[in-house]
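A quick write-up on the structure given underneath.
For the single chain, residues carry numbers from 1 onward in sequence order. Counting starts at 1 for both ligands and their atoms, following the listed order. All figures in this text were calculated on a predicted structure; none of them were measured in a lab.
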Amino acid sequence: MIKAVKGFRDILPQEMPLWRKVEEEARRLFEAFGYSELRIPVLEKTELFKRSLGDTSDIVEKEMYTFRDKGGESVTMRPEATASMARAYLEHALYHSDPVGKYFFFGPMFRHERPQAGRLRQFHQLNVEAFGYVSPSLDTEVISLLDTLYERLGIRHLTTLEINSLGCRECRPRFRESLVEFLERVKDLLCPDCQRRRERNPLRVLDCKEESCQEVLRDAPHISRHLCQDCRQYQKETLAYLDALGVEYLTNPRLVRGLDYYTRTVFELTTTHLGAQNAVAAGGRYDDLLKQIGDKDIPGVGFAVGVERTVLLLEKKGDWTRGTPFHCYLALLGEEAIKEGFKLALALRKKGVRLEMNHQPKSLKAQLRRADKIKAPLAIILGEDELARGTLIVRNMKEGSQEERPLGDLEGLARYIKKEVEF
Ligand code: ATP
Ligand code: MG
């Protein structure tokens with residue numbers, strides 16, 4: 001038996017209704033907020049992620065699926081979407097036709113991590129990116145989109161929205177300096193990972209999940225005290241807009257993101273309901289990213305939703321949706337009936353009836369058991385006797401009542417089914 005690759009999982013039909021609920025709600029909202037779908041490829045040049053995420057990010061340091069293709073080029077299976085979306089935006093010069101480019105994407109991402117509940121090697125994200133301008137109201141629109149999505153899914157109350165500002169090219173270096181000084185003083189108390197981060201990427205220490213580090217970091221300097229006047233004002237306006245919209249949030253001065261490209265606004269939707277995994281969605285502003293990728297000074301802001309974790313939250317809430325129900329089962333007895341039945345099935349299916357038909361030499365009883373099993377509310381029975389009379393039988397599965405109808409009256413039959421099963 002060949003099994004699936006570790007960390008790569010199948011999403012089974014019984015799981016799909018919740019997945020579709022998330023996906024369909026998201027698509028509807030993204031479009032309502034003015035975003036258009038942009039599909040990016042799975043493979044990118046490795047350089048794209050190295051340059052954008054930063055050499056010292058966890059993803060680039062240890063999580064990427066990178067290999068040389070047959071031509072010897074180093075390629076990487078996308079670990080996230082923002083860099084690819086930015087690349088596509090620049091490569092096709094979409095900024096010419098669309099100075100404010102708002103795009104969304106849904107698809108799998110790949111990271112070589114230790115698999116556990118809510119953490120996979122292939123997982124799915126819903127992404128939203130708005131390229132083109134810097135404005136607290138755009139940041140607010142993006143954040144309120146995330147807020148609205150979880151509200152519409154009925155799980156916003158299971159999450160907390162945390163917000164922070166990471167400053168800009170001007171003020172972040174000053175904060176970094178004071179953080180480095182602090183970390184130098186407490187270095188012996190930090191975990192081995194943080195010892196390394198301290199030298200290579202000190203901001204990332206703030207994001208460490210080790211309790212002992214979090215303890216030490218309680219006295220760490222806050223970025224809020226180092227923000228320049230512009231960044232301070234920017235944050236103030238963003239929060240005021242969020243207040244005006246009634247979006248609930250917490251400012252968390254310790255919130256940083258694992259990737260290099262963020263500037264100013266960063267946010268995360270966290271939960272205490274998923275064990276070790278506490279982030280369901282995350283995002284922020286990235287005003288330097290496009291310059292790093294394509295030498296164009298175009299700012300952006302966006303977020304990524306972890307779909308597996310969102311579906312887990314829906315399950316936690318006790319949500320379930322039945323898969324698409326069957327409307328009808330077609331029981332056929334005899335060669336001639338199967339031939340005639342095929343035509344009938346096709347005609348009804350074209351009219352949107354979700355119908356399953358029999359393909360095997362089975363007794364009527366066995367066929368009706370199957371109709372029960374797939375929970376079809378109606379069964380159509382067509383055997384030699386009915387054929388000879390030019391009729392068919394429609395059986396109401398719940399009540400056990402039956403009605404004989406003319407075989408040729410397809411329109412009438414379709415209307416009858418629609419009325420009976422209300423679709
Ligand atoms: P974490 O801290 O849990 O590793 P992250 O900061 O690496 O998350 P992001 O890069 O911000 O995650 O991705 C956005 C969202 O994608 C996360 O909030 C999470 O819901 C989801 N996600 C990230 N990595 C995984 C994974 N390996 N498996 C499942 N979902 C993931
Ligand atoms: Mg991670």
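Side-chain atoms of Q229 and Q233 include no donor-acceptor pair closer than 3.5 Å.
A salt bridge links K102 with E141: the closest approach of a Lys/Arg side-chain nitrogen to an acidic carboxylate oxygen falls below 4.0 angstrom. Taking 4.0 Å as the cut-off between side-chain N and carboxylate O, K50 and E47 do not count as a salt-bridged pair. The pair R28-E25 counts as a salt bridge, with a side-chain nitrogen and a carboxylate oxygen less than 4.0 angstrom apart.
For ligand 1, the 4.0 Å heavy-atom shell contains residues R111, E113, G118, R119, L120, F123, Q125, K209, R257, A279, V280, A281, A282, A304, G306, R309.
With a 6.0 Å cutoff to the six-membered ring centre and a 45° limit on the axis angle, R354 counts as a cation-pi contact of F326.
Using cut-offs of 30° and 60° on the angle between ring planes, the pair Y65 and F110 is perpendicular.
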